[in-house]
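This is a predicted model, so every value here is computed, not measured.
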Amino acid sequence: MINFLNLEYFLVAAEELNFTKAAKRLFISQQSLSNHISNMEKEFQVILFNRTTPLTLTYAGQALKARAQQLIALKDETYKELADIKDFSVGQLTIGLSHTRGRRILPEVLPAYRDRFPNIELKLVEGNSSELARDLLHGDIDLLIDLLPIRVEQVETVPVCAEEILLVVPDVVLERQFPDRFEEVKERLREHTDLSLLRDCPFLLLHEGNRVRSIANELFEEAQMSPKIILETENIETTLALVMKGMGIIFYPRMFISERLDHMIDQNSEKVGLNFYPLDHERAHRMLAIGYHKGHYMSQAAREFIQIVKERA
């Protein structure tokens, strides 16, 4: 009789395609793993692995791998659901988001969540949009907080709040690039943020895969320009620190702006040497949302987290 333990052993062996490495991962002997695989082959009366170097899966092994993954996922979903039904006294919730967005949202949300559900273990996974989308697809995170659209198969989203991407331009960059037209260019940008005006200016951008970078790429393409990129980074706070030193132009979400910078926007930006320009394009105005995989069981812990984010974000 095949059980879940056998299936789990088989899946590790199918991933490693090496019994020695698989046995180490499983903390069992290679002989014990070989016996489990042999018993499965006798049970199904098929050969699951070609005993080559490295191992390869037979057609039957490939079919069992796909089915075993489904069965293990179903088992995990069932355990989660039954744990919720039991008493909602314990559980785990894994949330994926960028570290900067987490700094803005989580201090408002996590204390309230912890007060209501002190026995739910919270885990955070930080990364860029592409990485987190893969994590959601593979079930490594339960919820993803990101800008719409969240490009994951079978995803459902819950809108949270609007987000605007601003163009932040230091005076020193404009003075250096337009020494004789400085005030004229600033006035033109105030009237309409035409990126093509800035085609020869230096830009500080996030790495590919980040949602803000994807929006910037779309805006550059529409402006029919190839930006002069002098630095790429994973950390959006690095771009902010550098723009304040006048190194280049950045794209920055209004949501991330601190009270200090917010005051700069409200006051005369010329006094601080930074210009915050709204981008009159729909791509720069997005909705922040929480995404979850509709093919996976949504725990009570996840439902309650979504509700608190909607209340407080």
Side-chain angles (χ1 to χ4, degrees), residues 97-105 128-129 145-149 159-175 177-178 182-183 185-199 201-223 225 227-289 313:
L97 74 175
S98 71
H99 76 278
T100 313
R101 188 163 283 115
R103 189 190 68 188
R104 164 64 179 81
I105 295 174
N128 65 39
S129 298
I145 302 176
D146 203 354
L147 296 178
L148 292 176
V160 174
C161 62
E163 174 143 280
E164 179 185 9
I165 307 299
L166 300 173
L167 189 71
V168 187
V169 184
D171 275 347
V172 293
V173 168
L174 296 179
E175 288 171 342
Q177 190 63 40
F178 307 99
F182 172 66
E183 291 298 340
V185 170
K186 284 186 68 169
E187 183 60 31
R188 287 180 62 183
L189 289 171
R190 275 194 290 266
E191 294 173 358
H192 172 63
T193 311
D194 181 0
L195 277 179
S196 63
L197 275 174
L198 307 171
R199 65 175 65 252
C201 295
F203 281 84
L204 311 165
L205 299 179
L206 299 176
H207 285 147
E208 296 285 356
N210 187 287
R211 184 58 58 86
V212 174
R213 173 61 182 271
S214 298
I215 292 170
N217 287 346
E218 293 175 7
L219 294 171
F220 288 136
E221 183 177 357
E222 180 154 307
M225 62 178 282
K228 180 182 176 182
I229 303 171
I230 62 168
L231 180 72
E232 294 178 272
T233 176
E234 192 64 35
N235 191 331
I236 200 168
E237 292 308 298
T238 299
T239 68
L240 181 63
L242 293 174
V243 80
M244 295 180 74
K245 295 294 185 180
M247 274 195 66
I249 298 168
I250 68 169
F251 294 85
Y252 198 78
R254 182 182 285 272
M255 174 182 286
F256 296 173
I257 292 174
S258 66
E259 290 183 6
R260 180 168 62 93
L261 281 177
D262 216 4
H263 180 71
M264 292 181 186
I265 297 175
D266 291 338
Q267 302 301 315
N268 185 351
S269 61
E270 294 179 357
K271 294 179 180 177
V272 295
L274 289 180
N275 304 282
F276 298 84
Y277 296 120
L279 292 156
D280 1 326
H281 201 291
E282 62 179 3
R283 291 186 179 91
H285 298 266
R286 295 292 174 96
M287 179 65 66
L288 187 69

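- Under the 4.0 Å criterion applied to side-chain N and carboxylate O atoms, E187 and R190 are assigned as salt-bridge partners.
- For P253 against I236, the heavy-atom pair with the smallest separation is CD-CD1, 3.4 Å.
- In terms of modelled atom types and a separation under 3.5 Å, the side chain of N275 and the main chain of V169 share a donor-acceptor contact.
- Between V173 and M247, the closest side-chain pair of non-hydrogen atoms is not below 4.5 Å.
- Looking at L206 and N235, their side chains never come closer than 4.5 Å, going by heavy atoms from C-beta outward.
- Environment of CD in E282: sparse, with no more than 12 heavy atoms of neighbouring residues, nucleotides or ligands closer than 6.0 Å.
- Side chain of R286 to main chain of E163: no donor-acceptor pair is present (N/O by atom type, distance under 3.5 Å, no hydrogens or angles).
- Side-chain atoms of R188 never come within 3.5 Å of backbone atoms of E183 as a donor-acceptor pair (strictly under, hydrogens ignored).
- Partners of L148 according to the side-chain contact (heavy atoms from CB on, under 4.5 Å) rule, which considers only residues two or more places apart in sequence or in another chain, are I150, T157, M287, A289.
- The nearest pair of heavy atoms linking M255 to C161 is CE-SG, 3.4 Å.
- Atom NZ of K228 and atom CD1 of I249 lie 10.5 Å apart (nearest 0.5 Å).
- Taking CG of L197 as the reference point, atom CG of D194 lies at 4.5 Å (rounded to 0.5 Å).
- At least one side-chain heavy atom of E232 sits less than 4.5 Å from a side-chain heavy atom of R213.
- G248 and L204 make their closest contact through N-CD1, 3.9 Å (heavy atoms, listed as atom of the first residue, atom of the second, distance).
- Closest non-hydrogen pair, A223 versus L195, comes out as CB-CB, 4.1 Å.
- Between D146 atom CG and S98 atom OG the span is 7.5 Å, to the nearest 0.5 Å.
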Checking side-chain hydrogen bond (donor to acceptor under 3.5 Å, both in side chains) for the pair Y252/E164: CA distance, chi angles, key distance, verdict?
CA-CA 8 Å; Y252 198 78; E164 179 185 9; over 6 Å; no
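- The distance from atom CG of L189 to atom CG of L174, rounded to the nearest 0.5 Å, is 6.5 Å.
- Taking the six-membered ring where the residue is Trp, F203 and F251 present parallel rings, their angle staying beneath 30° rather than reaching 60°.
- Between H285 and I165, every side-chain heavy-atom pair lies at or beyond the 4.5 Å cut-off.
- A distance of 9.5 Å separates CD1 of I250 from CE of M244, quoted to the nearest 0.5 Å.
- Within a 6.0 Å sphere centred on CD of E221, other residues, nucleotides and ligands contribute 12 heavy atoms or fewer.
- Residues L205 and T239 have side chains not in contact (no heavy-atom distance under 4.5 Å, counting atoms from C-beta outward).
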The test is side-chain hydrogen bond (donor to acceptor under 3.5 Å, both in side chains); show your working for N128 and H207 and say whether it passes.
CA-CA 9 Å; N128 65 39; H207 285 147; over 6 Å; no
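- Looking only at side-chain heavy atoms (C-beta outward), L274 and V168 come within less than 4.5 Å of each other.
- Distance check, rounded to the nearest 0.5 Å: OG of S196 to CZ of F220 gives 11.5 Å.
- Looking at P202 and L231, their side chains never come closer than 4.5 Å, going by heavy atoms from C-beta outward.
- Residues I145 and I105 have side chains in contact (heavy-atom distance under 4.5 Å, counting atoms from C-beta outward).
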List the steps, then state whether side chain to side chain contact (heavy atoms under 4.5 Å, CB included) holds for I215 with L279.
CA-CA 11 Å; I215 292 170; L279 292 156; over 6 Å; no
